[in-house]
**Q** 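First the structure, which I've put down as structure tokens, then a few questions once you've had a look.
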There are 2 protein chains.
Amino acid sequence: MSRSSKQKEAMLRILRRTTSHPSVDWIYEEVRREIPNISLGTIYRNLNMLKAEGAIIELSFGGAPTRYDGNCQPHYHFRCIKCGRVCDIDGQVNGDLDKRVAEDSGLEVLGHRLEFYGFCQDCGGCKESNAHPDR
Amino acid sequence: MSRSSKQKEAMLRILRRTTSHPSVDWIYEEVRREIPNISLGTIYRNLNMLKAEGAIIELSFGGAPTRYDGNCQPHYHFRCIKCGRVCDIDGQVNGDLDKRVAEDSGLEVLGHRLEFYGFCQDCGGCKESNAHPDR
DNA sequence: AATATAATAATAACAATTACTATTATGTCG
DNA sequence: CGACATAATAGTAATTGTTATTATTATATT
Ligand SMILES: [Mn+2]
Ligand SMILES: [Mn+2]
Ligand SMILES: [Zn+2]
Ligand SMILES: [Zn+2]
């Protein structure tokens with residue numbers, strides 16, 4: 001069914017060796033260093049494929065462009081509302097939440113999406129402008 | 001500073017009398033029944049104003065168009081991945097989460113965004129197509 | 001009523017993403 | 001090994017959701 005390609009392999013390799021939860025544009029620029037004429041459509045298509053296969057995770061919360069994570073271990077994230085940095089939160093995912101909500105509501109709860117936000121270490125002091133976007 | 005307008009008042013009134021967490025387009029169509037020549041830009045501008053004033057809540061998670069809520073009580077939501085319906089979850093918001101994450105990580109956590117997903121009562125049985133979108 | 005200016009309608013611009021299509025690469029099978 | 005079927009690609013166009021622009025209108029204040 002799904003064939004391999006150097007484009008897809010490069011993307012997965014790049015996603016696995018960073019912990020920065022990069023954006024589509026960052027991934028595009030990074031892959032272009034190896035495959036200069038890769039198309040942006042290929043980036044999007046392969047990100048969706050890799051996500052569907054469960055090889056990567058999509059961090060898609062409104063307001064900011066989607067970010068991707070090569071670490072598939074279930075874990076939560078923190079997003080800096082000044083610089084946009086996304087970092088991992090240690091500590092396990094609360095799977096009981098889904099069960100509790102399902103029992104209380106009668107809904108068929110399959111999961112939840114949770115993201116924390118605030119100021120990162122670098123941005124804690126000076127809360128004005130957007131200093132280092134896409135970090 | 002901020003002046004009143006029949007457009008803004010109509011929007012707030014409409015948002016307060018529904019519990020459907022409507023989309024921008026739904027709100028647009030609804031207001032147009034009162035003010036047929038209202039501009040979509042006005043819808044967006046007033047939604048952002050009302051949000052900034054704390055009069056409404058924006059439910060903006062990636063993947064689906066933004067929804068709005070005239071109920072400003074802090075509460076969580078459930079989204080049906082088949083029909084798109086958004087409904088309220090009873091039970092209080094977990095403010096301790098932010099504190100715990102802040103202590104563990106050293107980050108300045110200001111809040112979190114949480115949404116549950118799964119199949120609603122209507123969609124629990126037949127999980128194929130998209131039956132009633134924007135409900 | 002005259003004035004200052006916030007809000008509006010209409011439209012253009014924008015950013016993120018998806019769709020299309022002719023060409024190329026990959027895996028399969030004789 | 002070829003020949004074949006077709007998945008994946010590059011390049012481009014189109015779509016979607018949203019914000020910016022601008023001339024006009026409505027609102028609040030004197
Ligand atoms: Mn992560
Ligand atoms: Mn609600
Ligand atoms: Zn930061
Ligand atoms: Zn449903």
Side-chain angles (χ1 to χ4, degrees), chain A residues 1-15 21-53 55-69 79 84 86 115 130 133-134, chain B residues 1-15 21-53 55-69 79 84 86 115 130 133-134:
Chain A
M1 357 206 82
S2 115
R3 295 178 183 175
S4 78
S5 75
K6 64 176 183 187
Q7 289 85 348
K8 202 188 296 184
E9 280 159 23
M11 289 176 61
L12 189 54
R13 184 164 12 90
I14 285 167
L15 274 166
H21 309 91
S23 66
V24 170
D25 287 346
W26 188 94
I27 297 164
Y28 182 40
E29 293 307 323
E30 202 68 13
V31 182
R32 277 219 280 193
R33 294 165 59 169
E34 283 183 46
I35 308 165
N37 69 327
I38 191 171
S39 170
L40 187 53
T42 298
I43 302 289
Y44 276 103
R45 181 166 15 81
N46 283 338
L47 284 173
N48 284 332
M49 280 179 158
L50 292 168
K51 173 178 64 156
E53 295 167 12
I56 63 172
I57 287 172
E58 185 184 73
L59 307 178
S60 175
F61 291 78
T66 303
R67 309 278 287 252
Y68 289 89
D69 193 342
R79 190 182 302 252
V86 174
E115 180 180 272
N130 269 44
D134 209 89
Chain B
M1 359 206 79
S2 115
R3 294 176 184 177
S4 78
S5 74
K6 64 177 182 185
Q7 289 85 349
K8 202 188 295 184
E9 281 159 23
M11 287 174 63
L12 190 52
R13 184 167 10 91
I14 285 167
L15 273 166
H21 309 90
S23 67
V24 170
D25 286 347
W26 188 93
I27 297 164
Y28 183 41
E29 293 306 323
E30 202 67 12
V31 181
R32 277 219 281 192
R33 294 164 59 168
E34 283 183 46
I35 309 166
N37 69 329
I38 191 171
S39 170
L40 186 54
T42 298
I43 302 289
Y44 275 104
R45 180 165 17 78
N46 283 339
L47 284 172
N48 284 333
M49 282 179 157
L50 292 168
K51 172 178 65 157
E53 294 165 13
I56 64 171
I57 288 173
E58 185 185 73
L59 307 178
S60 176
F61 291 78
T66 302
R67 309 279 286 251
Y68 288 90
D69 193 343
R79 190 182 301 252
V86 173
E115 181 180 270
N130 268 44
D134 210 86

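Just so it is clear, the values below take in all heavy atoms, side chains as well, and ignore hydrogens, waters and symmetry mates. Numbered from 1 within each chain, the chains take letters A, B, ... in sequence-line order.
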**Q** Where do N or O atoms of nucleotides 13-16 of chain C meet protein N or O atoms at under 3.5 Å, pair by pair?
**A**
none

**Q** Passes side-chain contact (heavy atoms from CB on, under 4.5 Å), A/Glu53 versus A/Ser2? Steps please.
**A** CA-CA 10 Å; A/Glu53 295 167 12; A/Ser2 115; 3.8 Å; yes
**Q** To the nearest Å, how far apart are A/Lys8 NZ and D/dA7 P?
**A**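 From A/Lys8 NZ to D/dA7 P: 12 Å.
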**Q** Rounded to the nearest angstrom, tell me the gap between atom OH in B/Tyr28 and atom P in D/dG17.
**A**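 It is 14 Å, rounded to the nearest whole Å.
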**Q** So, does B/Lys8 use its side chain to make a donor-acceptor pair with the main chain of B/Leu50 at under 3.5 Å?
**A**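 No; zero donor-acceptor contacts below 3.5 Å.
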**Q** In this structure, how many angstroms lie between the C1' atom of C/dA19 and the CZ atom of A/Arg45, rounded?
**A**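 Rounded to whole Å, this separation is 11 Å.
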**Q** What nitrogen or oxygen pairs link the protein and nucleotides 25-30 of chain D at under 3.5 Å?
**A**
| residue | atom | partner | partner atom | Å |
| --- | --- | --- | --- | --- |
| D/dT27 | O2 | B/Arg3 | NH1 | 2.8 |
| D/dA28 | OP1 | B/Ser4 | OG | 3.0 |

**Q** Check A/Val24 against A/Tyr68 and note the closest heavy-atom contact, atom names and distance.
**A**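 It is CG2-CE1, 3.8 Å.
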**Q** Are A/Glu29 and A/Arg32 ion-paired here, with the side-chain N under 4.0 Å from a carboxylate O?
**A**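 Between A/Arg32 and A/Glu29 there is a salt bridge, with a charged N closer than 4.0 Å to a carboxylate O.
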**Q** Whole Å only: how far is the CG atom of B/Leu50 from the P atom of C/dA6?
**A**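 Taking CG of B/Leu50 and P of C/dA6, I get 18 Å after rounding.
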**Q** Taking OP1 and OP2 of D/dA10, is either one under 4.0 Å from a side-chain nitrogen or oxygen of A/Thr42?
**A**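 True: A/Thr42 side-chain N/O within range (under 4.0 Å) of D/dA10 OP1/OP2.
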**Q** Return the value, rounded to whole Å, for the distance between atom CG of A/Leu40 and atom C1' of D/dT12.
**A**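 These atoms are roughly 12 Å apart.
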**Q** Can you name the nearest heavy-atom pair linking B/Gly84 to B/Arg67, along with the distance?
**A**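 Heavy-atom minimum between the residues: O-NH1, 3.1 Å.
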**Q** Check whether any side-chain nitrogen or oxygen of B/Asn48 sits under 4.0 Å from OP1 or OP2 of D/dT18, and answer yes or no.
**A**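 No, no such contact exists.
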**Q** List in numerical order all residues of residues 30-38 of chain B for which some heavy atom is under 4.0 Å away from an atom belonging to DNA chain C.
**A**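 Result for residues 30-38 of chain B: B/Asn37, B/Ile38, sorted by number.
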**Q** Rounded off to whole Å, could you give me the CG-to-P distance for the A/Leu47 and C/dT17 pair?
**A**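 These atoms are roughly 10 Å apart.
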**Q** Rounded to the nearest Å, what distance is computed from the CG atom of residue B/Leu59 to the C1' atom of nucleotide D/dG17?
**A**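 Rounding to the nearest Å, CG of B/Leu59 and C1' of D/dG17 are 17 Å apart.
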**Q** Rounded to the Å, how far apart are A/Glu9 CD and C/dT26 C1'?
**A**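 To the nearest whole Å, that distance equals 11 Å.
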